[in-house]
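Some notes on the structure that comes next.
Every chain is numbered from 1 and lettered A, B, ... according to where its sequence line falls, protein lines coming before strand lines. The figures here come from the full heavy-atom set of this structure, side chains too, leaving out hydrogens, waters and symmetry mates.
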Amino acid sequence: MVEKHLLEFLEKLQFLISRNINIEHYGIEKIKRICGVDVAYKGNIGFSVAVSMDVSTEEYQYKSYSGEVSFPYIPGFLFMREAPIMMKAIEGLECDLLLVDGHGLAHPRKSGIATVIGVLLDFPTIGVAKSRLAGELITEGDIVYVYLGGQKVGVKFGRFFYSPGNKVDLQDCIDLGRRGYPKVLKIADMLTKKLKKE
DNA sequence: GCGACAG
DNA sequence: ATCTTGTCGC
């Protein structure tokens, strides 16, 4: 159980982080290497895997980290549970853009796990989630947007949600989403589950 | 009070 | 996320 005063404190940190987001166009086409990070669990042990892949050759390398995870999963506070071990797995890998399993701006306080990691590392990140956390879906033309507080904070392609973490913009999310579910995340998910079995 | 709720 | 077999559908 997590005390109310701690969550209120964490909310303040999230507002601080959200005020430090840099929304700017990156340009998906300029990416040489792309990274993806995911986590799987076996009881209270978390296994995180970060995959770095060359966009043109699809050659990839990965790094993993495992350790006890004590913070519980609380909607809106996923970063406290997974960001620490995700960042350990990412450490040392080289890439231009990092994809995080979870939301970025499409969060109640515009501070999803992809945003937290992006701001802490001062690095370009995009959150890719499998389900909605906040906001409403509005279709405009051929794009389904996630609206929150009257502004577009993400997009939905197929069954996946893409939202800016840091140093990218909605257009980058659209360009990424149109390419289908990122291979690096698929590989990271696969490795993460394989790792916890051994 | 009730429903919603990333992984 | 995880617990879990077969099964309906593209």
Side-chain angles (χ1 to χ4, degrees), chain A residues 1-2 4 6-8 10-11 13-15 17-18 21 35-51 64-90 98-120 125-138 144-149 151-166 168 170 173 176-177 180-182 184-198:
Chain A
M1 189 56 206
V2 178
K4 187 193 305 178
L6 177 51
L7 292 184
E8 293 176 350
L10 292 176
E11 288 187 345
L13 286 182
Q14 291 181 315
F15 282 125
I17 288 171
S18 69
I21 302 172
C35 278
V37 61
D38 191 19
V39 178
Y41 298 89
K42 184 168 127 185
N44 57 333
I45 303 299
F47 297 83
S48 60
V49 172
V51 174
S64 63
Y65 181 87
S66 62
E68 177 161 355
V69 174
S70 54
F71 205 90
Y73 166 66
I74 300 175
F77 300 91
L78 175 66
F79 81 104
M80 284 296 289
R81 182 173 170 76
E82 306 193 335
I85 54 178
M86 278 185 169
M87 288 174 73
K88 292 299 289 184
I90 295 166
L98 172 65
L99 304 182
V100 180
D101 192 38
H103 290 288
L105 270 187
H107 175 280
R109 293 168 290 285
K110 301 188 188 319
S111 187
I113 189 169
T115 297
V116 174
I117 292 177
V119 170
L120 291 183
T125 61
I126 287 180
V128 182
K130 304 176 188 63
S131 60
R132 187 192 68 89
L133 169 63
E136 58 179 314
L137 302 181
I138 295 181
V144 179
Y145 291 96
V146 177
Y147 268 83
L148 193 56
Q151 68 168 312
K152 301 185 180 79
V153 294
V155 290
K156 182 183 185 188
F157 283 94
R159 39 188 286 257
F160 304 103
F161 298 76
Y162 304 78
S163 61
N166 191 34
V168 299
L170 206 52
C173 292
L176 179 72
Y181 191 69
V184 279
L185 285 179
K186 184 53 198 170
I187 295 175
D189 176 72
M190 182 195 92
L191 292 176
T192 209
K193 289 174 180 170
K194 174 196 281 186
L195 241 171
K196 72 168 185 177
K197 291 181 180 177
E198 6 188 284

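- Protein atom CG of A:Asp189 is 17 Å distant from nucleotide atom P of B:dA6, rounded to whole Å.
- Atom C1' of nucleotide B:dG7 and atom CD1 of A:Ile45 are separated by 17 Å, given to the nearest angstrom.
- Between the CG atom of A:Asn44 and the C1' atom of C:dT2 there is a distance of 13 Å, given to the nearest Å.
- Using a 4.0 Å cut-off, no side-chain N or O of A:Lys42 falls inside it from OP1 or OP2 of C:dA1.
- For the pair A:His103 NE2 and B:dA6 P, the interatomic distance rounds to 7 Å; values are reported in whole Å.
- The side chain of A:Leu133 lies closest to B:dA6, out of B:dG7, B:dA6, C:dT2.
- The phosphate of C:dA1 has neither OP1 nor OP2 within less than 4.0 Å of any side-chain N or O from A:Lys196.
- Separating the CG atom of A:Leu137 from the C1' atom of B:dA6 is a distance of 14 Å, rounded to the nearest angstrom.
- Note on A:Phe71: nothing from the nucleic acid sits closer than 4.0 angstrom, heavy atoms only.
- Heavy atoms of A:Ala106 sit nowhere under 4.0 angstrom from any nucleic acid atom.
- Checking side-chain atoms of A:Ser48 against main-chain N and O of A:Tyr65 turns up a donor-acceptor pair under 3.5 Å.
- Using a 4.0 Å heavy-atom criterion, one finds that A:Gly76 contacts the bases of the nucleic acid, with or without backbone contacts as well.
- When the nucleotides B:dA6, B:dG7, C:dT2 are ranked by their closest atom to the side chain of A:Asp101, B:dG7 comes out on top.
- Per the stacking criterion (ring centres < 5.5 Å, plane angle < 30°), A:Phe161 does not stack onto the base of B:dA6.
- In this structure, A:Arg159 forms no cation-pi arrangement with A:Tyr181, as its terminal cationic atom is not both closer than 6.0 Å to the ring centre and no more than 45° off the ring axis.
- In this structure a side-chain-to-backbone donor-acceptor pair under 3.5 Å is missing from A:Thr192 to A:Asp189.
- Following rounding to the nearest Å, A:Lys156 (NZ) and B:dA6 (C1') show an atom-to-atom distance of 14 Å.
- A straight line from CZ of A:Arg109 to C1' of B:dC5 spans 12 Å, rounded to a whole angstrom.
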Next on the checklist: Set out, in order, the CA-CA distance, both residues' side-chain angles and the distance that settles side chain to side chain contact (heavy atoms under 4.5 Å, CB included) for A:Val144 and A:Ile138, then state yes or no.
Outcome noted: CA-CA 6 Å; A:Val144 179; A:Ile138 295 181; over 6 Å; no
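- Between A:Lys193 atom NZ and C:dT4 atom C1' the separation is 13 Å, expressed in whole Å.
- Within the 4.0 Å cut-off from OP1 or OP2 of B:dA6, not a single side-chain nitrogen or oxygen of A:Arg132 is found.
- A donor-acceptor pair is defined here as one N or O able to donate and one able to accept, closer than 3.5 Å; no such pair exists between the side chain of A:His103 and the backbone of A:Ala114.
- Contact annotation: A:Tyr41 does not reach the phosphate of B:dG7 (side-chain N/O to OP1 or OP2, under 4.0 Å).
- For B:dC5, neither phosphate oxygen OP1 nor OP2 lies less than 4.0 angstrom from any side-chain nitrogen or oxygen of A:Ser131.
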